[in-house]
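One structure is given below, encoded as structure tokens.
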Amino acid sequence: LQRGVLNLLKQDMDVEYFVQREVLDESRLDEVAQKGTWSTKPALGERVKDSLRCSVPRLKHTVLNWVPVLGWLPRYSIRENAIGDLISGCSVGIMHLPQGMAYALLASLRPVFGLYTSLYPVLVYFIFGTSRHISVGTFAVISIMIGSVTERLAPDSNFMVNGTNGTDSVDFDARDAFRVQIACSLTVLAGIFQILLGVVRFGFVVTYLSEPLVRGYTTGSACHVCVSQLKYLFGVSPARFAGPLSLIYVSILLPLTKVPELVVSLVALAVLIVVKEINACYRQKLPLPIPIELIVVSPLFGVSSVLPFSLILTYGIDVVGEIPSGLKAPRAPDATLFSQVIGDAFAVAIVGYAINISLGKTFALKHGYKVDSNQELVALGLSNTVGGFFQCYSVTSSLSRSLVQESTGGKTQVAGVISSIIVLITVLKIGALFEDLPKAVLSTIVFVNLKGMFKQLMDVPMLWKTNKVDLLVWLVTFTSTVLLNLDLGLAVSIGFSMLAFIFRTQLPRYSILGRVPDTDLYLDTDTYKEAKEIPGVKIFRSSTTIYYTNAEMYLEALQEKGNVSAGPREQSQMNVAALRLSETSANGNRKGQVNWAYQHDTTTLDSDSDTGCQGDDSINQVSCCSDEERGMACESGTHSIILDISTTSFVDTVTVNTLKNVCAMTEHTGSSQFKKKIDIKISDVLSFFFQIFRDFGAIEVDIYLAGCQG
């Protein structure tokens, strides 16, 4: 930009130089500069052959990439890491037990399947994952997404049977068995999607889910989680209502609340909130956070020990029920259900991976190591696929458990193995002790763990101050998720986010830059009062790249803000065009251009009008015009325009064709210098602006290019 302005300021000098040189089009430039046609990349055939070659180092490198545990486990330092991983694994395992059972209710499954989900996928991620600190397992948002599918495909109304007293009742065993099949099929299909995307190196797909979108979606999902747990807290049994505004339906049944279950819920909720706040306030002093969740569900110290079983039967409090001991044999999912859950499976795959990679990269940045996004996609996909065969539902990382794993000294995924051992012991030996646990207590655990998600509501005032477009994306995502349910809400939010991006580029901000006095800064004159335009010079800037959706608007804004018109002019005016290209003479020499941006000395011009400027062979004669003619050439007061192209990264064919149509207006002028054929290559960004050079040259306006930082 400074060079362009300096060139314009030189117009005040008394001495004028007109240097002769060859005018090059692109084909001639390629010939003179000897543009290379070779490629630094090997041919496709060579790359295919290279990918098929096998050697011991290449095989070892491939295996270590796909199975990261083989790389870091042999170098595991017991002295440095064992104690931290042991304490961290025990802490996370204690959290897995209540959260696994609680989040299984969100998925409309029996609590024992939440324990299975906290076991198998964690072991798979230990082998294939690259993050050292995240805790994979059940998560509220994924659980509620699974639950929406299981309840839609297996509602209670499909399992009604005739009771002994003539009334209809629900066959809970048949219903729950079919819901497990649905959840496993969805989980396996979601895992397959994740594996395929990871194999083809498509880990970047999550970048299309912006942070405001993800945070707005998880906050809206938290509202669904809360409402889905109200039936356990208040002891109501609402019929399933699908579709928009389904959240409002549950509130209608609140007057039917069972007081005993409400009392149990309020007591457990109060204890959980108080102790968790103590953990937060004294986390620097406490060696380990108080495992209040485990204490609340414990058969020795929790609600089950306070409430005798007879009292539970008397008031009809809903309890967890049977938790079978031992592990079940793997079973293939029902492939016939794939067609019914394919859309939901893809949504679960993308949302689960987005949460997982965001947490993984956060901890990796904090502790100075790298997380492979594609390998994370494969690891999460394998965790879901393998887990689906063992009656687990879809998993992702949990923020609360990951924070505990990191804060208690966890250094590697060995902590995940230790937490799995604790879950395994519970499933094999002590699972039956949780059978009399009220479901209301598990619901309070879900409620308390949603605190972090609801804190994301503070994004609204922050985005209002920083970026209102991101705020709009957040609000639309949150509103659509709450009102239109999780599947439609995600589709609407992604569509709106894409539209917001399109309109950002299609409707950019155009500005004229001016120089701040006594500085080298050039800023928007509409925003900064002290930024002053250089007389006769317009520095034009667009806030985004130029392509087919905004090419015409770019030119219109350039004409409007530059106070010039690119329309045809009379032949008499065109005869005094400021930029005149003369045809080469017999010896091949070309004449220079008369640029009215220079302030000519009239005496010198008069004396040189017949003989031209004196100099060596590279200086040619020029045609000079009177002051009156120059006044006609600069009717708008603008003699030069500088285009700031620092934001222009590419130019498409539609853009160039649009400008060709604009330049066709100059054909009516009869000025021969604008009829010269130009060889345009779209790959060169400057070819776009050459059209503008020709167009504005027709009205005696010089065009310069610059990359501004303003």
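Because the structure is predicted, anything quoted here is derived from the model rather than measured.
The shortest distance between side-chain heavy atoms of Met462 and Met458 does not fall below 4.5 Å. Looking only at side-chain heavy atoms (C-beta outward), Leu105 and Pro111 come within less than 4.5 Å of each other. No side-chain heavy atom of Phe193 sits less than 4.5 Å from a side-chain heavy atom of Tyr353. Here the side chains of Val170 and Met160 are in contact, with some heavy-atom distance below 4.5 Å. Taking the side chain as every heavy atom from C-beta outward, Val124 and Thr385 never approach each other to under 4.5 Å. A 4.5 Å side-chain heavy-atom check between Ser400 and Gln99 finds at least one atom pair inside the cut-off. Looking only at side-chain heavy atoms (C-beta outward), Phe178 and Leu337 come within less than 4.5 Å of each other. Using a 4.5 Å heavy-atom cutoff, the side chains of Lys366 and His133 are not in contact.
Here the closest heavy-atom approach between residue Ile342 and residue Leu189 is recorded as CA-CD2, 3.6 Å. Residues Arg179 and Pro155 come closest through the heavy atom pair NH2-CA, 4.3 Å. Heavy atoms only, all atoms of each residue included: Val371 and Gly360 are closest at CG2-O, 3.6 Å. Residue Val469 comes nearest to Ala500 through the heavy atom pair CG1-CB, 4.2 Å, listed as atom of the first residue, atom of the second, then distance. Between Glu151 and Ser108 the shortest heavy-atom distance is OE2-OG, 2.6 Å. Minimum heavy-atom separation, Ser397 to Leu359: OG-CD1, 3.3 Å.
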### From CA spacing to verdict: side chain to side chain contact (heavy atoms under 4.5 Å, CB included), Phe202, Gln194
CA-CA 9 Å; Phe202 225 65; Gln194 290 171 330; over 6 Å; no
### Stepwise side chain to side chain contact (heavy atoms under 4.5 Å, CB included) test for Val341 and Leu153
CA-CA 9 Å; Val341 299; Leu153 298 182; 3.6 Å; yes
### Task
Please test Ile350 against Leu197 for side chain to side chain contact (heavy atoms under 4.5 Å, CB included), starting from the C-alpha separation and ending with a verdict.
CA-CA 10 Å; Ile350 296 301; Leu197 291 175; 4.1 Å; yes
### Task
Let me see the working for Leu475 and Leu471 under side chain to side chain contact (heavy atoms under 4.5 Å, CB included), right down to the final yes or no.
CA-CA 6 Å; Leu475 292 176; Leu471 173 62; 4.0 Å; yes
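In this structure, the separation between OG on Ser394 and CG on Asp344 is 11.5 Å, given to the nearest 0.5 Å. Expressed to the nearest 0.5 Å, how far OG1 of Thr138 lies from CZ of Arg401 amounts to 4.5 Å. One finds the OG atom of Ser135 at 3.5 Å from the NE2 atom of His96 (value rounded to the nearest 0.5 Å). For the atom pair CD of Gln456 and CG of Leu450, the computed distance is 10.5 Å after rounding to the nearest 0.5 Å. To the nearest 0.5 angstrom, Ile142 atom CD1 is 10.5 Å from Thr218 atom OG1. Ile94 CD1 to Leu294 CG: the interatomic distance, rounded to the nearest 0.5 Å, is 5.5 Å.
Residues satisfying the side-chain contact (heavy atoms from CB on, under 4.5 Å) test with Val492, not counting sequence neighbours, are Ser480, Leu484. Residues satisfying the ring-ring contact (aromatic ring centres under 6.0 Å, His included) test with Phe389, not counting sequence neighbours, are none. Phe113 is linked by a ring-ring contact (aromatic ring centres under 6.0 Å, His included) to Tyr116, counting only residues two or more places apart in sequence or in another chain. Applying the side-chain contact (heavy atoms from CB on, under 4.5 Å) criterion to Ile323, with sequence neighbours excluded, gives Met101, Val112, Val320, Phe434, Glu435. For Phe128, there are no ring-ring contact (aromatic ring centres under 6.0 Å, His included) partners two or more places apart in sequence or in a different chain. Residues passing the side-chain contact (heavy atoms from CB on, under 4.5 Å) test with Ala347 are Met145, Leu490, sequence neighbours excluded. The side-chain hydrogen bond (donor to acceptor under 3.5 Å, both in side chains) search around Thr477 returns none, not counting sequence neighbours. Remark: Phe390 pairs with Tyr120 by the ring-ring contact (aromatic ring centres under 6.0 Å, His included) rule, at least two apart or across chains. By the side-chain contact (heavy atoms from CB on, under 4.5 Å) test, Val274 pairs with Ile278, sequence neighbours left out.
Applying the side chain to side chain donor-acceptor pair (under 3.5 Å) test to every pair with at least one member in residues 441-451, sequence neighbours left out, gives these pairs: Gln229-Ser443, Glu277-Lys451, Glu293-Asn449. Judged as a ring pair (Phe, Tyr, Trp, His ring centres under 6.0 Å), the pairs with a partner in residues 470-503 (not counting sequence neighbours) are, in order, Trp474-Phe478.
We find that Arg110 and Asp173 are joined by a salt bridge, their nearest charged nitrogen and carboxylate oxygen being less than 4.0 Å apart.
Checked by atom type and distance alone, the side chain of Asn384 pairs as donor or acceptor with a backbone atom of Val395 at under 3.5 Å. Side chain of Ser185 to main chain of Asp334: a donor-acceptor pair is present (N/O by atom type, distance under 3.5 Å, no hydrogens or angles). Between the side chain of Ser88 and the main chain of Gln405, a donor-acceptor pair closer than 3.5 Å is present. One N or O on the side chain of His224 and one on the backbone of Thr481 form a donor-acceptor pair closer than 3.5 Å. Between the side chain of Ser143 and the backbone N or O of Ala107, no donor-acceptor pair lies under 3.5 Å. Remark: side-chain polar atoms of Gln413 are paired, donor with acceptor, to backbone N or O of Ile134 under 3.5 angstrom. Formation of a donor-acceptor pair under 3.5 Å by the Ser497 side chain with backbone atoms of Ser493 is not found in this model.
In this structure, Lys468 places its NZ atom where more than 12 heavy-atom neighbours from other residues, nucleotides or ligands lie under 6.0 Å away. The environment of CZ in Phe338 is crowded: more than 12 heavy-atom neighbours from other residues, nucleotides or ligands sit within 6.0 Å.
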Donor-acceptor pairs under 3.5 Å, side chain of residues 419-433 to any protein atom, not counting sequence neighbours: which ones?
residue: Ser419; atom: OG; partner: Gly416; partner atom: O; Å: 2.7
residue: Ser420; atom: OG; partner: Gly416; partner atom: O; Å: 3.0
residue: Thr426; atom: OG1; partner: Ile422; partner atom: O; Å: 2.9

